[in-house]
Amino acid sequence: MDNFINYAILLANKSLESSDIPVGAIVVCDGKIIGEGYNTKEKDCDILGHAEINSLKMAAKALNNWNLSSCDMYVTLKPCSMCFEIIRQCRIKNVYYLLEKPSNKKEFSKTNFLQINSLTNEKIYSSILSNFFKKLREKK
(Lines give C-alpha, C1' and ligand atoms only; values in the text may rest on other atoms or scores of the structure.)
Protein backbone atom coordinates (compact mmCIF):
# COMPACT_ATOMS: atom_id res chain seq x y z
CA MET A 1 0.00 0.00 0.00
CA ASP A 2 2.84 2.39 0.83
CA ASN A 3 4.35 1.88 -2.62
CA PHE A 4 1.08 2.89 -4.27
CA ILE A 5 0.54 6.01 -2.19
CA ASN A 6 4.21 6.96 -2.57
CA TYR A 7 3.78 6.82 -6.34
CA ALA A 8 0.62 8.95 -6.08
CA ILE A 9 2.65 11.54 -4.13
CA LEU A 10 5.24 11.59 -6.93
CA LEU A 11 2.43 12.21 -9.42
CA ALA A 12 1.02 14.99 -7.22
CA ASN A 13 4.33 16.83 -7.51
CA LYS A 14 3.87 16.99 -11.29
CA SER A 15 0.79 19.16 -10.71
CA LEU A 16 2.96 21.84 -9.14
CA GLU A 17 4.74 22.50 -12.44
CA SER A 18 1.54 24.06 -13.80
CA SER A 19 0.25 25.63 -10.56
CA ASP A 20 -2.40 22.95 -10.22
CA ILE A 21 -3.39 21.70 -6.79
CA PRO A 22 -0.94 18.86 -6.06
CA VAL A 23 -3.08 15.74 -6.21
CA GLY A 24 -2.02 12.38 -7.58
CA ALA A 25 -4.10 9.26 -8.17
CA ILE A 26 -3.56 5.73 -9.41
CA VAL A 27 -5.88 2.85 -10.29
CA VAL A 28 -4.69 -0.63 -9.37
CA CYS A 29 -6.00 -3.93 -10.72
CA ASP A 30 -4.60 -7.27 -9.56
CA GLY A 31 -1.69 -5.50 -7.88
CA LYS A 32 -0.69 -3.64 -11.06
CA ILE A 33 -1.05 0.08 -11.80
CA ILE A 34 -3.27 0.44 -14.87
CA GLY A 35 -4.11 4.13 -14.58
CA GLU A 36 -2.35 7.17 -13.21
CA GLY A 37 -3.05 10.85 -13.13
CA TYR A 38 -2.40 14.18 -11.54
CA ASN A 39 -4.26 17.47 -11.62
CA THR A 40 -4.10 19.20 -15.01
CA LYS A 41 -7.09 21.55 -14.68
CA GLU A 42 -5.02 24.75 -14.94
CA LYS A 43 -2.43 23.35 -17.34
CA ASP A 44 -5.01 22.09 -19.85
CA CYS A 45 -7.72 24.63 -19.03
CA ASP A 46 -10.00 21.62 -18.51
CA ILE A 47 -12.54 21.54 -15.70
CA LEU A 48 -12.35 17.72 -15.74
CA GLY A 49 -8.56 17.66 -15.35
CA HIS A 50 -8.63 16.14 -11.88
CA ALA A 51 -6.10 13.48 -10.91
CA GLU A 52 -8.82 10.94 -10.21
CA ILE A 53 -10.55 11.43 -13.55
CA ASN A 54 -7.27 11.35 -15.47
CA SER A 55 -6.34 8.05 -13.79
CA LEU A 56 -9.81 6.54 -14.36
CA LYS A 57 -9.73 7.39 -18.06
CA MET A 58 -6.34 5.70 -18.44
CA ALA A 59 -7.52 2.63 -16.52
CA ALA A 60 -10.71 2.33 -18.57
CA LYS A 61 -8.63 2.50 -21.73
CA ALA A 62 -6.23 -0.16 -20.41
CA LEU A 63 -9.10 -2.54 -19.66
CA ASN A 64 -11.17 -1.41 -22.64
CA ASN A 65 -14.07 -1.09 -20.22
CA TRP A 66 -15.49 1.76 -18.14
CA ASN A 67 -16.55 -0.73 -15.42
CA LEU A 68 -13.61 -0.79 -13.03
CA SER A 69 -15.24 -2.89 -10.31
CA SER A 70 -12.16 -5.10 -10.00
CA CYS A 71 -9.96 -2.08 -9.26
CA ASP A 72 -8.89 0.05 -6.33
CA MET A 73 -7.83 3.70 -6.33
CA TYR A 74 -5.09 5.37 -4.31
CA VAL A 75 -5.26 9.16 -4.12
CA THR A 76 -3.34 11.73 -2.10
CA LEU A 77 -6.36 13.89 -1.15
CA LYS A 78 -9.94 12.84 -0.47
CA PRO A 79 -11.83 13.20 -3.77
CA CYS A 80 -14.12 16.17 -4.39
CA SER A 81 -17.84 15.57 -4.93
CA MET A 82 -17.48 15.47 -8.75
CA CYS A 83 -14.69 12.88 -8.61
CA PHE A 84 -16.53 10.94 -5.91
CA GLU A 85 -19.52 10.51 -8.20
CA ILE A 86 -17.42 9.54 -11.22
CA ILE A 87 -15.54 7.01 -9.10
CA ARG A 88 -18.89 5.56 -8.04
CA GLN A 89 -20.06 5.43 -11.66
CA CYS A 90 -16.90 3.48 -12.59
CA ARG A 91 -17.71 1.10 -9.75
CA ILE A 92 -14.24 1.27 -8.20
CA LYS A 93 -14.11 -1.22 -5.32
CA ASN A 94 -12.05 0.74 -2.76
CA VAL A 95 -10.63 4.26 -2.60
CA TYR A 96 -7.67 4.79 -0.30
CA TYR A 97 -6.79 8.42 0.38
CA LEU A 98 -4.02 9.97 2.41
CA LEU A 99 -5.47 13.29 3.63
CA GLU A 100 -8.82 14.96 4.17
CA LYS A 101 -9.32 18.39 2.64
CA PRO A 102 -8.33 21.23 4.96
CA SER A 103 -11.36 22.38 6.97
CA ASN A 104 -11.14 25.89 5.48
CA LYS A 105 -11.36 24.51 1.91
CA LYS A 106 -14.97 23.37 1.77
CA GLU A 107 -16.63 22.90 -1.59
CA PHE A 108 -19.41 25.30 -2.36
CA SER A 109 -21.45 26.26 -5.35
CA LYS A 110 -23.50 29.27 -6.29
CA THR A 111 -25.15 27.27 -9.09
CA ASN A 112 -28.90 26.84 -8.89
CA PHE A 113 -30.54 23.71 -10.32
CA LEU A 114 -34.09 24.44 -11.37
CA GLN A 115 -36.53 21.96 -12.86
CA ILE A 116 -38.43 23.12 -15.95
CA ASN A 117 -42.18 22.72 -15.68
CA SER A 118 -43.30 21.81 -19.19
CA LEU A 119 -45.74 18.92 -19.30
CA THR A 120 -45.59 18.60 -23.10
CA ASN A 121 -41.80 18.41 -23.24
CA GLU A 122 -41.72 16.19 -20.19
CA LYS A 123 -43.94 13.65 -21.97
CA ILE A 124 -41.82 13.79 -25.13
CA TYR A 125 -38.57 13.26 -23.28
CA SER A 126 -40.06 10.64 -20.96
CA SER A 127 -41.06 8.63 -24.03
CA ILE A 128 -37.54 8.90 -25.51
CA LEU A 129 -36.00 7.74 -22.24
CA SER A 130 -38.52 4.91 -21.79
CA ASN A 131 -37.91 3.63 -25.33
CA PHE A 132 -34.16 3.69 -24.79
CA PHE A 133 -34.36 1.48 -21.70
CA LYS A 134 -36.93 -0.81 -23.35
CA LYS A 135 -34.55 -1.44 -26.27
CA LEU A 136 -31.68 -1.94 -23.85
CA ARG A 137 -33.63 -4.64 -21.98
CA GLU A 138 -34.55 -6.35 -25.27
CA LYS A 139 -30.87 -6.69 -26.18
CA LYS A 140 -30.21 -8.79 -23.06
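All heavy atoms count here, side chains included; hydrogens, waters and symmetry mates do not. Since this is a predicted model, take the numbers as computed values, not measurements.
Residue pairs meeting the side-chain hydrogen bond (donor to acceptor under 3.5 Å, both in side chains) criterion with at least one member in residues 2-16, sequence neighbours excluded, are Tyr7-Glu36. Among residues at least two apart or in separate chains, ring pair (Phe, Tyr, Trp, His ring centres under 6.0 Å) pairs with a member in residues 41-89 are Phe4-Tyr74, Tyr74-Tyr96. Counting only residues at least two apart or on different chains, no salt bridge (charged side-chain N to carboxylate O under 4.0 Å, His left out) pair has a member in residues 52-64. For residues 17-35, every residue pair satisfying the side-chain hydrogen bond (donor to acceptor under 3.5 Å, both in side chains) rule, not counting sequence neighbours, is listed here: Ser18-Asp20.
Evaluation of the salt bridge (charged side-chain N to carboxylate O under 4.0 Å, His left out) rule for Glu85 yields Arg88 as partners, not counting sequence neighbours. Shown here are the side-chain hydrogen bond (donor to acceptor under 3.5 Å, both in side chains) partners of Asp46, two or more places apart in sequence or in another chain: there are none. Taking Asp44 as the reference, Thr40 meet the side-chain hydrogen bond (donor to acceptor under 3.5 Å, both in side chains) condition, with sequence neighbours excluded. With sequence neighbours left out, Glu100 forms a salt bridge (charged side-chain N to carboxylate O under 4.0 Å, His left out) with Lys78. With sequence neighbours excluded, no residue satisfies side-chain contact (heavy atoms from CB on, under 4.5 Å) with Ala60. For Lys43, there are no salt bridge (charged side-chain N to carboxylate O under 4.0 Å, His left out) partners, not counting sequence neighbours. For Ala51, the side-chain contact (heavy atoms from CB on, under 4.5 Å) criterion is met by Val23, Ala25, Asn39, not counting sequence neighbours.
Taking hydrophobic clusters as Ile, Leu, Val, Met, Phe, Trp and Tyr residues chained together by side-chain heavy-atom distances below 4.5 Å, Met58 does not share a cluster with Leu11. Under a hydrophobic-cluster definition in which Ile, Leu, Val, Met, Phe, Trp and Tyr are linked whenever side-chain heavy atoms come within less than 4.5 Å, directly or via other members, Ile47 and Ile87 are assigned to the same cluster.
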With a 3.5 Å cut-off and sequence neighbours excluded, list the donor-acceptor pairs that the side chains of residues 122-134 form with protein atoms.
| unit_1 | atom_1 | unit_2 | atom_2 | d |
| --- | --- | --- | --- | --- |
| Asn131 | ND2 | Ser127 | O | 3.3 |

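At a threshold of 4.5 Å between non-hydrogen side-chain atoms, the residues Ser55 and Met73 count as touching. With contacts defined as side-chain heavy-atom distances shorter than 4.5 Å, the pair Ile33/Val27 does not qualify. At a threshold of 4.5 Å between non-hydrogen side-chain atoms, the residues Val75 and Leu98 do not count as touching.
When all heavy atoms are compared, the tightest approach of Val28 to Ile26 is CG2-CD1, 3.9 Å. The nearest pair of heavy atoms linking Asn54 to Gly37 is CB-CA, 4.0 Å.
Here the CG-CD1 distance, from Leu77 to Ile21, works out to 8.0 Å after rounding to the nearest 0.5 Å. With rounding to the nearest 0.5 angstrom, the CG atom of Leu56 is 11.5 Å from the CD atom of Gln89. Atoms SG and CD1, from Cys71 and Ile92 in turn, are 5.0 Å apart once rounded to the nearest 0.5 Å.
Within 6.0 Å of CD1 on Ile86 lie more than 12 heavy atoms contributed by other residues, nucleotides or ligands.
Using a distance-only test at 3.5 Å, with no hydrogens or angles considered, a donor-acceptor pair links the side chain of Thr76 to the main chain of Gly24.
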